[in-house]
Asker: 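Structure below; questions to follow.
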Amino acid sequence: MPERNLVSWCSLMAGYLQTGFSLQVLKLFKDMTLVDSLRPNEYIFAVVFSACSDGGKALEGRQCHGYVVKSGLVFHQYVKNALINMYSKFSDVKGAMRVFSLVPGYDVYSYNLVLNGLVQQGFSNEAIQVLERLMGESVEWDSVTYVTVFGLCACLKDLKLGLQVHCRILTSDVELDVFVNSAIINMYGKCGKVINARKTFDWLQVKNVVVWTGIMAAYFQNGCFEEALNLFSEMKIGDVSPNGFTFAVMLNSTAGLSALRHGNVLYGEIVKSGFKDHVIVGNALINMYAKCGDIEAASKVFLDMMYRDCITWNAMICGYSHHGLGKEAMALFHDLLAAGECPNYVTFVGVLSACSHLGLVKEGLYYLNQFMRQVGVEPGLEHYTCVVGLLSKAGLLDEAEKLLRSIPVELDVIAWRTLLSACHVHRNYGFGRRIAEFVLEMDPNDVGTYTLLSNIYAKAKRWDGVVKIRKLMRERNIKKEPGVSWIEIRNVTHVFVSDHCQHPESTQIYEKVKELLARIKPLGYIPDVTAVLHDVEEEQKEDYLSYHSEKLAIAYGLMHAPLEAPIRVFKNLRMCEDCHSAAKLISKLTNSMIIVRDANRFHSFQNGCCSCADYW
């Protein structure tokens, strides 16, 4: 073109921007001012700011911001909006708020941009202030406003505000499109009202994969794992193809149920659907395999992933820690640092847990007191709980108590119960009774503390104490959950309850348990009758111990599982010491790998040893 004006330059720049060549836009902007000596207008800058935000050019964006302030172009509404959008994408919430507050003129797009930026960056309180300001002005909301505000309600878990916003949209002229309905479903799911989410879902005439994924996620977030998996089947019947997010929700639901076979089936579908290399799917696969007890499969998925993010590393590090593989977790943490990834809050939960498994007191305290602060991570409750476990395992009970009484975060019962459990393991009963009494003052309804205190009294043969605790539990209407274990054999889940086996093969199972216990006695098995919380004869105590739910499940697994296949048992409570000793020797006797996931962690029994090193 022999002559080019601002319109032709702007058209070319917009074309490059729309096709993803944001850096080329900045080059054209420089050429326009240097070659054609044209002075940019508000339309040019709206495109340039978008290019800076898409290309991550923060310095150039701030330079252009300075120009529009000096030239007065900043007072054009679309320039202001482009600036807010740019600072929001740079995660510079203060910059976005400064432009929003100091430059006069507000429309619905300004509010949408600043609200969305605040919600995405986690500034919920500031978002509420902007929302209150929006409510006070006569600005008409559009669908984007409603989607953003529903997202804010979900972040805050503010059901009351969510209901008010839902009522408002129903009385407005805004179309309830797929994005709005997905936001409503997500809001109700995050606020714990899955029934409301389902009503919204059922009301829809047209349901695409986004809506289906939203309702599945709502069920998953509320612990309704089976319902989420059933919806996946319904979606496929309705001829809607899943996407990567759908598979991630399904894998996490499978992890919640510890349904390894179902996870393997999903993995097959993922490979056939072409989502294997999606990071979010890979992360969910690692989580699923780790929680289902197959840490080797989780490791293989991790090694095969083409792309990894911080969640990938965290899932694998925490998976190793949960399985008691402290050395592998620490080695992977060092690989993370070598790869240039920045560890975050979750990373250090896995690292400190690994230190606890390995007994690395000095290293754990270094990570907590120095390294975390060096990388800008403020220690939280989970980190302190891990360090309490670390000190307790090393027998430093006084130091653990001092730490609990001095830390600046609000403690929960779990942190103190970690110390109480250590008192039980180290047989420091006097210390344990004092800690238990303190915990029961914090939460008189914590059934775990009553159980541990009762165990402490029983170990010390203080039967009067056991009676006292049971009486207290009856008076406060606190009931101990019965021990339940389950195992999956050939696509069927078999459930066992301690001392109460109603399985069709109960006679054979009891005989198998009896046989196994008799055969491991020459290997050194001595029934730990101190674990029986009844003041009865020794022979009767042995009978009580013999048919705990995990022993029944292990026996059934040995009867029916394929040869050389690991036996995977899941239990709702902490594994007792007697069952732990028996499982170690049974693994040696039968040359089997026995994996038991209890309420605390995974126990991998092989050749007479356990991955927990006899501390759990």
Asker: Decide whether R476 and Y450 meet the rule of one side-chain donor and one side-chain acceptor closer than 3.5 Å.
Answerer: yes
Asker: Flag the pair W313 / F333 as yes when their ring centroid distance falls below 6.0 Å, and as no otherwise.
Answerer: no
Asker: Students often mix this up, so state it plainly: with edges at 30° and 60°, are the rings of Y556 and H560 parallel, tilted or perpendicular?
Answerer: tilted
Asker: Quiz question: by atom type and distance under 3.5 Å, do the side chains of H323 and R601 form a donor-acceptor pair?
Answerer: no
Asker: For the residue pair T385 / T418, report whether a side-chain donor-acceptor contact shorter than 3.5 Å exists.
Answerer: no
Asker: Just by distance, with hydrogens left out, do N230 and S233 show a side-chain donor and acceptor under 3.5 Å apart?
Answerer: no
Asker: Decide whether S258 and R597 meet the rule of one side-chain donor and one side-chain acceptor closer than 3.5 Å.
Answerer: yes
Asker: Show your working on salt bridge (charged side-chain N to carboxylate O under 4.0 Å, His left out) between E437 and R433 and close with a plain yes or no.
Answerer: CA-CA 6 Å; E437 288 165 6; R433 285 196 296 272; 5.9 Å; no
Asker: Anything under 30° is parallel, anything over 60° is perpendicular, the rest tilted; go ahead and classify Y367 against F348.
Answerer: tilted
Asker: Looking at S592 and T590, would you say the former's side chain and the latter's main chain have a donor-acceptor pair under 3.5 Å?
Answerer: yes
Asker: Answer yes if the ring centres of H426 and F431 are under 6.0 angstrom apart, and no otherwise.
Answerer: no
Asker: Hey, what do you get for CG (L325) to CE (M330), rounding to the nearest 0.5 Å?
Answerer: 13.5 Å
Asker: Parallel, tilted or perpendicular, judged at 30° and 60°: which one describes the rings of Y510 and Y547?
Answerer: perpendicular
Asker: Is it the case that the side chains of Y345 and E382 hold a donor-acceptor pair, with the cut-off being a distance below 3.5 Å and no angle test?
Answerer: yes
Asker: We want to know whether D578 and H548 form a side-chain donor-acceptor pair, criterion being a heavy-atom distance below 3.5 angstrom.
Answerer: no
Asker: Applying salt bridge (charged side-chain N to carboxylate O under 4.0 Å, His left out), can you list everything that pairs with R490, at least two apart in sequence or on another chain?
Answerer: none
Asker: Return yes if a side-chain donor-acceptor contact under 3.5 Å exists between D309 and N283, otherwise no.
Answerer: yes
Asker: Is the NZ or CZ atom of R405 both under 6.0 Å from the centre of the six-membered ring of F438 and within 45° of that ring's axis?
Answerer: yes
Asker: Going by the ring-ring contact (aromatic ring centres under 6.0 Å, His included) test, which pairs reach into residues 265-295, not counting sequence neighbours?
Answerer: F247-F275, F275-H278
Asker: Closer than 4.0 angstrom, basic N to acidic O: yes or no for K402 and D398?
Answerer: no
